[in-house]
Amino acid sequence: MPEYLPTTPYRGTRDFLPPEMSVRTQVYERLYGVLESRGFQRYDGPVLEPIEIYEAKSSREIVEQQLYTLTDRGGRRLALRPEMTPSVARIIAGNAGKLQFPVRWYSNPNCHRYERPQRGRVREHWQINADIFGSESPSCEIEIFELIHDMLGGIGATPDMWRLRVSDRVLLSSILTDIVELDESLLRGVSSIVDRWEKYPREKLAEDAGALGVTDKQFDRLAETLAGGAAVLDEIPSAVRENSQLAKVLVTDAAGLVEFDPMIVRGFDYYTSTVFEVFDTSPENNRSLFGGGRYDNLVGLYSAQKIPGIGFGMGDVTLIDFLGTHGLLPEPLAEVDVVVIPVEADLADPARSVARSLRAAGLRTSTPLEPRKLGKEITRADKAGARVVVIVGREDWDGGSVTIRNLVTKQQDQVSVDSVGAAVRASLDQAAEDVTGAGGAPSS
RNA sequence: GUGGGUGUAGCUCAGUCGGUAGAGCACCUGGUUGUGGUCCAGGAAGUCGCGGGUUCAAGUCCCGUCACUCACCCCA
């Protein structure tokens, strides 16, 4: 008995068969289209990076528990990238001399984290990253917020399906030190408690805060402040607000793009000001979809230049879950539009010739790779999603014609070889009209 | 790292009181010459997750293990 190797993909990674790949590709292409319509340019980088670029600024959990690491033959310590931001900061720093700042960049890298797979989380995912580098203007925040609206709109989501909640690390620090009157040494620990605020019972939060050294009075003040939401903005000293990118956005028309919410914190250490997170509003998928923020010091790890950045990462797993929850997933694309079927094996050459002219006419066309009975081939063509087959028979061909059969309308016509492209196209258009006419789909 | 659920054909699952495996769908072939979806007939396809134990006998009982999955932790 031979011992076979496993066919399942490595834990937490996925194979994408053509139908799933088609769905993913269609979603991505819409998103790329939106990004490029706003002048974002695509870049890419290596999946392997020196481990140090994560040790410096990513969250501690990522580095200590979730990094895939390896040592190369030269003894260099490397990691599979768990996220793209450190890489893009490195690329920006290394090429700053030839770039015209500010730049708008995007990418769609696969990223790896060693963790336990569950809904919405795997070990390898693809994450669209969109970032702006080289500007401290709050216009960058507005650009990113508008981009998020456009991207979600571009994949069919309506504004009631999601919420864009924003905060600012500068404002949060002020809330914690000026309003709650915490010592600065507690900032990090208490920020983490704020991050978990919605997910835990009050007693648990109080206990954790107490363990850090937060007094009951301070905790109550914190709870009261967070419950007040945006009202806290008025209490924050104006000198602080001048240092907050987000505060500047919130006094413009663009304030309507977001909801200020002091409970938004996010786990990465490198965020310095604006932070934001998009949530699904559906009760069935009530979760954070993606998020990002401003990181003004990350490029500074690589060079003396001060190049601020702001951006976000949108992962494919949560995005596909979101689209599925709201019934927004596109249908997989059919294999081909047309299959050209020779009735006899020795008509394969004519069939390929007809197929070539159909492709020249812009139609996705295939021919059978193995000879089978005509009926079988029509079945296969139908299952492949072709709406038209072209039948190349001996008598027709000798007389300079072929037969086109529309699998949707069942209409069948004999046409001259010269006009086959136009005839198939007309047949496809007719079938499409029949479908939309009968379906009565809403226009929006 | 912690806890729960589930592992039988490609898929969804059944399998009684232990007696060495079934259905539906899908797939392939045929129902005579160049016409699909229905119908009919036939066919192929299973290390019952894996290892051990109990037993004359294990898909079934016991132990272990692995995988998948959901949740926690944390986060995207």
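The shown structure was predicted, so the numbers you read here are calculated from the model rather than taken from an experiment. We name chains A, B, ... by the order of the sequence lines, and we start the count at 1 in each one. What you see below is based on every heavy atom in this structure, not just the backbone, and it leaves out hydrogens, waters and symmetry mates.
Atom CD of A/Glu198 and atom P of B/rC72 are 14 Å apart (whole Å). Note: CG (A/Leu374) to P (B/rG37) measures 12 Å, nearest angstrom. What separates CZ of A/Arg287 from P of B/rC72 is a distance of 9 Å, to the nearest Å. A/Leu407 places its CG atom 11 Å from the P atom of B/rG36, with the value rounded to the nearest Å.
Base pairing of B/rU6 is made with B/rA67, judged by Watson-Crick or G-U wobble geometry with both donor-acceptor distances under 3.5 Å. Base pairing of B/rA14: no nucleotide in any strand meets the Watson-Crick or G-U wobble criterion (both distances under 3.5 Å). The base-pairing partner of B/rC73, taking Watson-Crick or G-U wobble contacts with both distances under 3.5 Å, does not exist among the strands shown. As the counterpart of B/rA41, B/rU29 is assigned, both hydrogen-bonding distances of the Watson-Crick or G-U wobble pattern falling under 3.5 Å. As the counterpart of B/rC61, B/rG53 is assigned, both hydrogen-bonding distances of the Watson-Crick or G-U wobble pattern falling under 3.5 Å. Under the Watson-Crick and G-U wobble criteria, each requiring two contacts below 3.5 Å, nucleotide B/rU20 is left unpaired.
Within 4.0 Å (heavy atoms only), A/Glu395 reaches at least one base atom of the nucleic acid. When heavy atoms are screened at a 4.0 angstrom cut-off, A/Arg116 is found touching base atoms of the nucleic acid.
Checking side-chain atoms of A/Arg163 against main-chain N and O of A/Phe279 turns up no donor-acceptor pair under 3.5 Å. No donor-acceptor pair closer than 3.5 Å links the side chain of A/Asp337 to the backbone N or O of A/Leu363.
Checked options A/Glu143, A/Glu146, A/Glu36; the residue passing with A/Arg104 is A/Glu143 (criterion: salt bridge (Lys or Arg N to Asp or Glu O under 4.0 Å)).
With the nearest nucleotide of RNA chain B identified for both A/Arg372 and A/Asp396, A/Arg372 has the one nearer the 5' end.
For B/rA76, the base has a donor-acceptor partner in the side chain of A/Glu115 [N/O atoms by modelled type, under 3.5 angstrom]. A donor N or O paired with an acceptor N or O is not found under 3.5 Å between the base of B/rU35 and the side-chain atoms of A/Glu377.
Taking atom P on both B/rU16 and B/rU60, the two are 11 Å apart, rounded to the nearest angstrom. B/rU6 sits 13 Å from B/rC13 when the P atoms are compared, rounded to a whole Å.
For A/Lys373 and B/rG31, the shortest distance from a side-chain N or O to OP1 or OP2 is below 4.0 Å.
The environment of OH in A/Tyr68 is crowded: more than 12 heavy-atom neighbours from other residues, nucleotides or ligands sit within 6.0 Å.
Side-chain contact, A/Asp168 with A/Ser273: a donor N or O sits under 3.5 Å from an acceptor N or O.
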